[in-house]
Amino acid sequence: MKTIKICACVLALVLAGCASSPKPMTITQVPEAELYRIEESKFDRFVVSDPQKITGYNKVMLFPMQFDRLTISKGADKELFDSWMESDWKQMDYLCQQFDDLAKKIFSESKDFKPTTKGGEDVLAIEFRLIRFFPYAKPYHQMSMETVGTSTNFEGLGEVEIQAVLANAKTGELVAVIEDWVALTGGSYGLMRRRIDNNADSNSRTAQNMAWRTAFREWNTNLYRELVALKAQEAAKD
């Protein structure tokens, strides 16, 4: 009985060690380009100029989310396309502020890559951009509902493409580019991980704001985790 207990404890320790060990990141060179692709990333595209240089960064300078280049996808339903084109884009200021607040919170509460407002050789400047939006529903303020709940939509709000450009905060040298299409739903993140049966109704202000925040939170969490993992993996090569 004692032997069995000892074996069980050893097995538990081994399993715990395996669970805490991050999965190695595969890095491949992009053909005909001086860039390297991070394979098996949670992002659609994550390329770096030199993976080894990431080890020299300890802080991040987080620039506000920009949406001046944001376009509505022409492949969207015409009625939805027109509704968003006619929409008051002041709400985007609010939504982008939510992204900025979540990014600062996630990086501030962690041990690595602490936010700073001063540039330096060890500071990674990150500029965020909203690029394209493919809507599934109208903006909540254009919903013509006589009473709450008379119209529902469980397919989500839409899909949005987010881009992040990472550079040396002192020299401006390009470090990495990340691009990712995100599903805007209240209960999930990512196109392949969307579960329509579990989505919240998108035809309300609360649900639509939650959809944006859920996607933004997960996106920033993935960004932080992958930067930390890449830095640790490259540092271990020294």
Participant: Under the side-chain contact (heavy atoms from CB on, under 4.5 Å) rule, collect the residues that match up with K170, sequence neighbours excluded.
Facilitator: E121, N168

Participant: Could you check whether the rings of W212 and F133 sit parallel, tilted or perpendicular, using 30° and 60° as the cut-offs?
Facilitator: tilted

Participant: Taking only residues two or more places apart in sequence, or in another chain, which ones meet K78 in a side chain to side chain donor-acceptor pair (under 3.5 Å)?
Facilitator: D82

Participant: I'd like to know if E234 pairs up with K53 as an ion pair, taking the criterion as any Lys NZ or Arg NE/NH1/NH2 lying under 4.0 Å from an Asp or Glu carboxylate oxygen.
Facilitator: no

Participant: In chain order, what residues pass the side-chain contact (heavy atoms from CB on, under 4.5 Å) check against A76, with sequence neighbours excluded?
Facilitator: F134, P135

Participant: Can you tell me if D93 and Q97 form a side-chain donor-acceptor pair at under 3.5 Å?
Facilitator: no

Participant: Only pairs at least two apart or in different chains count here, so list each salt bridge (Lys or Arg N to Asp or Glu O under 4.0 Å) that has a residue in residues 57-69.
Facilitator: K59-D122

Participant: Taking V175 as the fixed residue, which of L124, I126, V165, V48 is the one that meets the side-chain contact (heavy atoms from CB on, under 4.5 Å) rule?
Facilitator: L124

Participant: In chain order, what residues pass the side-chain contact (heavy atoms from CB on, under 4.5 Å) check against D112, with sequence neighbours excluded?
Facilitator: Y224, V228

Participant: Honestly curious: do L130 and V177 fall in one hydrophobic cluster under the side-chain, below-4.5 Å linking rule?
Facilitator: no

Participant: Thinking salt bridges, do E79 and K138 make one under a 4.0 Å N-O criterion?
Facilitator: yes

Participant: Holding to side chain to side chain donor-acceptor pair (under 3.5 Å), I want the full list of residues that pass it with E39, two or more places apart in sequence or in another chain.
Facilitator: T28

Participant: If only side-chain N and O atoms count, and only distance matters, is there a donor-acceptor pair under 3.5 Å linking S41 with E226?
Facilitator: yes

Participant: Partners of K104 by side chain to side chain donor-acceptor pair (under 3.5 Å), sequence neighbours excluded?
Facilitator: none

Participant: Kindly write out the residues that satisfy ring pair (Phe, Tyr, Trp, His ring centres under 6.0 Å) with F128, not counting sequence neighbours, or none if the list is empty.
Facilitator: F99

Participant: Does Q163 have any side chain to side chain donor-acceptor pair (under 3.5 Å) partners at least two apart in sequence or in another chain, and if so, which?
Facilitator: R129, E179

Participant: Cluster question for you: counting only ILVMFWY and a side-chain heavy-atom cut-off of under 4.5 Å, with indirect links fine, are V182 and I131 together?
Facilitator: no

Participant: Identify the heavy atoms of V123 and K118 that sit nearest to each other, and give their distance.
Facilitator: CG2-O, 3.5 Å

Participant: Does Q52 offer a backbone N or O that forms a donor-acceptor pair with the side chain of T55 under 3.5 Å?
Facilitator: yes

Participant: Could you tell me the separation between the CG atom of L95 and the CD atom of Q208, rounded to the nearest 0.5 Å?
Facilitator: 9.0 Å

Participant: Connecting only ILVMFWY residues whose side-chain heavy atoms lie within less than 4.5 Å of each other, what is the rest of L80's hydrophobic cluster?
Facilitator: none

Participant: Who passes salt bridge (Lys or Arg N to Asp or Glu O under 4.0 Å) against K114, sequence neighbours left out?
Facilitator: none

Participant: side-chain contact (heavy atoms from CB on, under 4.5 Å) with V30: which residues, sequence neighbours excluded?
Facilitator: A33, L35, R37, V47

Participant: Tell me if a side-chain donor or acceptor on D100 pairs with a main-chain N or O of P64 at a distance below 3.5 Å.
Facilitator: no

